[in-house]
Structures are given as C-alpha cells and as structure tokens.
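Structure first, then comments.
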Amino acid sequence: MRSVQSRGWGIASRLTAAAFGLLLPLLALGVGATGLAQTEPAHPPGAVIASAHAAATAAGAQVLREGGNAFDAAVAVSAVLSVVEPISSGLGGGGLWLLHDAKSGRDIFVDGRETSPAAATPERFLDHNGNLDQDRAENGPWSAGIPGLPALLVHVAEKYGRLPLKQTLAPAIRIARDGFPVYARMAHGYQQRRAVMDRYPGSRALFSPNGKPIAEGDVFRQPELAVTLELLAERGFDGFYRGRVARQLVAAVNAEGGQWTHAELAAYGVKEREPIRFRYHDWNIVTAPPVSSGGIALAQMLQILEPYDLKAMPEAQRVHLVVESMRRAYRDRTFYLGDPDFVQVPQALLTSPAYAAGLRASINPDKATPSNLLSGQPTPLEDDETTHFSIIDAEGNRVGATQTVNLLYGSGLVAPGTGVLLNDEMDDFALKPGTPNAFGVMGYAANAPRPGKRMLSSMTPTFMESPDKVVVLGTPGGSRIITMVLLGILGYDDGLDAQQVAALPRYHHQWLPDVIDAEPGAVSPAAAAQLRARGHTLELPPDEAAGGRGSSHVWGNLQTVEWDRVRNVLLGGSDPRNPVGKAEVMVSP
Ligand code: GLY
C-alpha cells in the first residue's frame, strides 16, 4: 500500500481487486484510513468509493477533489462505467440507486428502470407454437426497454449534486473519446455475444471495426458515445430523450423491426420511491423497494433468520436455515412482485415480522422443504452483466448504485450515430407466465409487460447502519444479487470487514430450480454431506472433495464501503473475482 497526497486529499490506501486473484480468500485484507476517535465522530474522516473499474473509481475521486459531493461522484462513476463496461451497463440501460442525504437525514430510492414500449405486448414474444421466443426476448430491438439511466444521471445531478453535468461527465467524455484498454472480461464477453452483435451495423462498426473483433489490450474508442454524453451534459434530459439522439435511437430500433416512438422516449420519467426499512439484530437496513424484488426478499429472509444464532451454529445447520429462507422469499418473488405503479404489491404483508414468523414456522430444522412444482432451468452466471458501485463522502452522504443493460452487452444493438448500446431488459418481464427467463426466475401477472410498465428487477443497493458502522453494498448477478447481498449482510453481522465481505464465498437457492448452487469454498464437504442427508440437492464445484459434481463457476462483483464509526476509519471492498475493480479511500485534508 502506498500513500499519495493529491489536491488536498490523501489517498491513504488503495487496493485493486487484482491483488487477490480469482479465488476467494476469506482472510482478505482490509483497506483502511487509520485514526482512532475519542468520541463517535459526526462525519467520516474522508471518502471512499468502490466500483467495478479503476477508471470509474478514479473519476469519482477526481470529482470529490474538485468539490463535488457523493452524488456528483456517483454521476461521474456511473458515466465512466457506462463507457468502460459496455458489457454491463450504459446509457442504453437503466439503474436503481439508493441515496442518503446527510444534511436532511433522508434516504431516497431513485428508480431509473427501463419501461416497456407500448408495442411490446406479450404476444410479440411468442413464437408460432406459442412458446417464448427467447431470441426476441434477449436480443435485438424487441428486447430493449426505453432507457432510464440518462434521465437518472440528470435527475441526481440536478437535484442532489452541486457540480454541473459538464464537469461530472467530463471524465466519461474524455475516456469515450481517447479510449481505454480492452480487458479480458470485455473481450471474452464480446466473443460470446458476437454472433448477435454482428447482426447490427452500429454494433459491427464499434466492436468489429474493419471486420476485426476487439481483443484484450486494444484501445477501445467510442467517439459517438462521447458526443452523446456531451449532448447530455449540455442539454440535460432533452439531450438524450429529444432531438438528434432520440431520433437516432427510434430510427435504429425501427430499422431493425422494432417499434419505438418519439413520444415514449420524451415521456420517460425517473421515479423517487420510499426505500424498504427493517431491523436485523443491531442493524437498520435500508434497501430497494419494488420495482426491485431485492428489498422485499431481503426483509423476508433476514426476518426469518433474526432469532437464530447463526454465528454459533454448525455450518450445515446455518446453510440449511439460510437456504430455507431463500427458498421462501424467491417463491413469493415469483407470484407477487412487479411494478408498484401497475400492480398492487402486498409489500406491508410480505415485509412484516409476523409474516416472516409464519414462514419460519414452516421450516423443518432437520429437513429441506422440497420446492416441488415445475422444474426450473439452470441459472447462468451473471457477473459481467450489470454493475454496482458504493460511495460514502466526507459529509456522510452515501450512494449505493446498481445499473444494467441486463445480459452481456444487452440487446447487442448499438444505435448508429449514438454509440448507445441498448439493453435487453424486456426479458426481466414475465413474457410468458410461468416460463423462466434467462436467470431461471419466472413470474406471472404481477410482472407481465404493459405499456410504460417497469420490469421486475433483482438489483438491490443496500445501506446498513448500526451504532458502530455505516455500510453500503450491492452487486450484479441477476437473480443471485439478492442472495449475495444477504450473505454480505450476514458477513458484516459476523464482524467481517468490507474486503472480507466482498471476497466471501457464495451459495444460492432461488426456489426453482430446487438446488443449492455453491462457489468453491462456500460449503465444506462435511456440511455438504449433512445437507444432502437433510434432503437438499447441491451443485458443488467438481473439485470439492466430497462428491462435488457441479460447475466450478464463481459469480458476482460485489462493491462495498464501510465507515467504522468506533475506530473512525473508512474501508472499501472490491470483489476479488473482478481484477479491474478498485476500492479507494481518500482522507480529508
Ligand atoms: N437485469 C437484471 C435485474 O435487473 O435484475
């Protein structure tokens, strides 16, 4: 670790996730700015940012040094991620951000989720046999919802930031114009999606210039995206949703056979919603309400688990109870959750301690509850798709931001002339009731598409606050996001620090398929045997000593920051599974 003084801020410590390699060391290092406080301090001793790309973290740090607050920094981080992680999120996608305004003490959930175009009725996504047309749901013009991220950036900058968009978008504009080196994950993801992306001239021109596909180490430049960002900086909402960019977006979708209208773009609006709040042990948890499914599921799972002493429990017993809580929460996700502006979500019931107590009573401590019903489909790894960053600034403002274009490189469709890669978020709707989507989760009427409706998400930016600590955490990972955030909360509750939480091995259950999927090291061979004896089915990595027979994949890209108020230190944790992520702590002058 090295210490650098820069424009009045000391970068007390830094860490790239690369230092940890791809495996999952539980004994990961903490990143800390040290200094003991005599009494509990009112403000953090500096700022901390954790994101999935070092250039984005650096942009946020620069904006803070220029006098911006956490919300300005978030705009800068988000925009740079849109440029350097086209694989995960971008102006053509959406985001769900959780803000804490230190001055007013308010927590605000900003919903910049995509909306359904009016023409995208459920029938559009069925083939001639009445089956879900997966290609249409996941690729190309029909898969794309009306983007929300540009409006979200403008909204946060104008309402909560103190710097102009011209300043906070400047790093993203520069990187889009000058380029950045393609990294392995980005090149590999392109290879996976190239067949689809090659269908569209705008995508071919950007990702396979002169027929040569991007490769690791190439400098990747996006001059058209730089101009689109400049228009957003100059004209705000109208720079994207009206005028030239809007015309080019509509033209691109419609030229490929889709049906977007100018009115739909111009009508897009960000929503501010009341976050979900509940207690878990000493923690106040503040998290994502619908249109995310994450907060309700977290409230259910953690309130089911509340009375158990998980720390003291044998491993198999702990995993059994956590999995049973996951199973029950994901079942409810399937039936009840959708856009609250269109359907009545029974949020008060689902998040009540009494409901959790009922679910807890249904858990047999010695036996798995079979999920029975329909068999599901395996859930693919989603760590490259979607991204998350976490920020705490020196005033105590906080941002937890998760944003996405859905699957790898979204719809694969870049609108010519704009540099904007459109999302394929329509697949997050229940396009055919009871048919699993790309993440193996399904839904029914509550999440059916309707004109202007937002598709159900799993994005779960979350705050935790106890007398001793303030934490921001979140991650990509499709339907696994929620269980990763759950395990992160349990990790903090166990006393782990930010980097340890980011590195924590993961396991997941989502009701259907009725399987516990586990990363290497997440479930010991002995515990696995005991879980099987209780009736659980486990997908363990093939190299696990006792009967591992699943895939050896890892998932997630968790970015978390914490302010330890007792020691008055800031800590950042960047997921070691992603070698280009970075957490950075800046000490106040
Ligand atoms: N597209 C992934 C999610 O929002 O859950």
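All ligand and atom numbering here is 1-based and tracks the order in the structure. Both backbone and side-chain heavy atoms feed into the values below; hydrogens, waters and symmetry mates do not.
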I want to check a possible cation-pi pair here: Arg331 against Trp511, using under 6.0 Å from ring centre and within 45° of the ring axis as the test. no

Is it true that the NZ or CZ of Arg398 lies under 6.0 Å from the centre of Phe463's six-membered ring and within 45 degrees of the ring axis? yes

Using heavy atoms and a threshold below 4.0 Å, how should the contact between Leu456 and ligand 1 be classified: side chain, backbone, both, or neither? neither

Min heavy-atom dist Arg113 to ligand 1 below 4.0 Å: yes

If hydrogens are left out, which of Asp428, Thr404, Leu407, Ile482 has an atom nearest to atom 2 (C) of ligand 1, that is, the closest non-hydrogen atom? Asp428

I want to confirm something. Looking only at heavy atoms, which of Gly94, Gly294, Ser457 is nearest to atom 4 (O) of ligand 1? Ser457

Checking Val253 now: which residues fulfil side chain to side chain contact (heavy atoms under 4.5 Å, CB included) with it, not counting sequence neighbours? Pro141, Trp260, Leu422

Run the side chain to side chain contact (heavy atoms under 4.5 Å, CB included) test against Val154 and tell me which residues pass, sequence neighbours left out. Glu158, Leu165, Leu232

Quick one: pull up CD1 in Ile87 and CE in Met186 and give me the separation to the nearest 0.5 Å. 7.5 Å

Quick check on contacts: which atoms of ligand 1 are under 4.0 angstrom from a heavy atom of Ser458? 3 (C), 4 (O), 5 (O)

Per-atom contacts, ligand 1 versus Met459 - under 4.0 Å to a heavy atom: 4 (O), 5 (O)

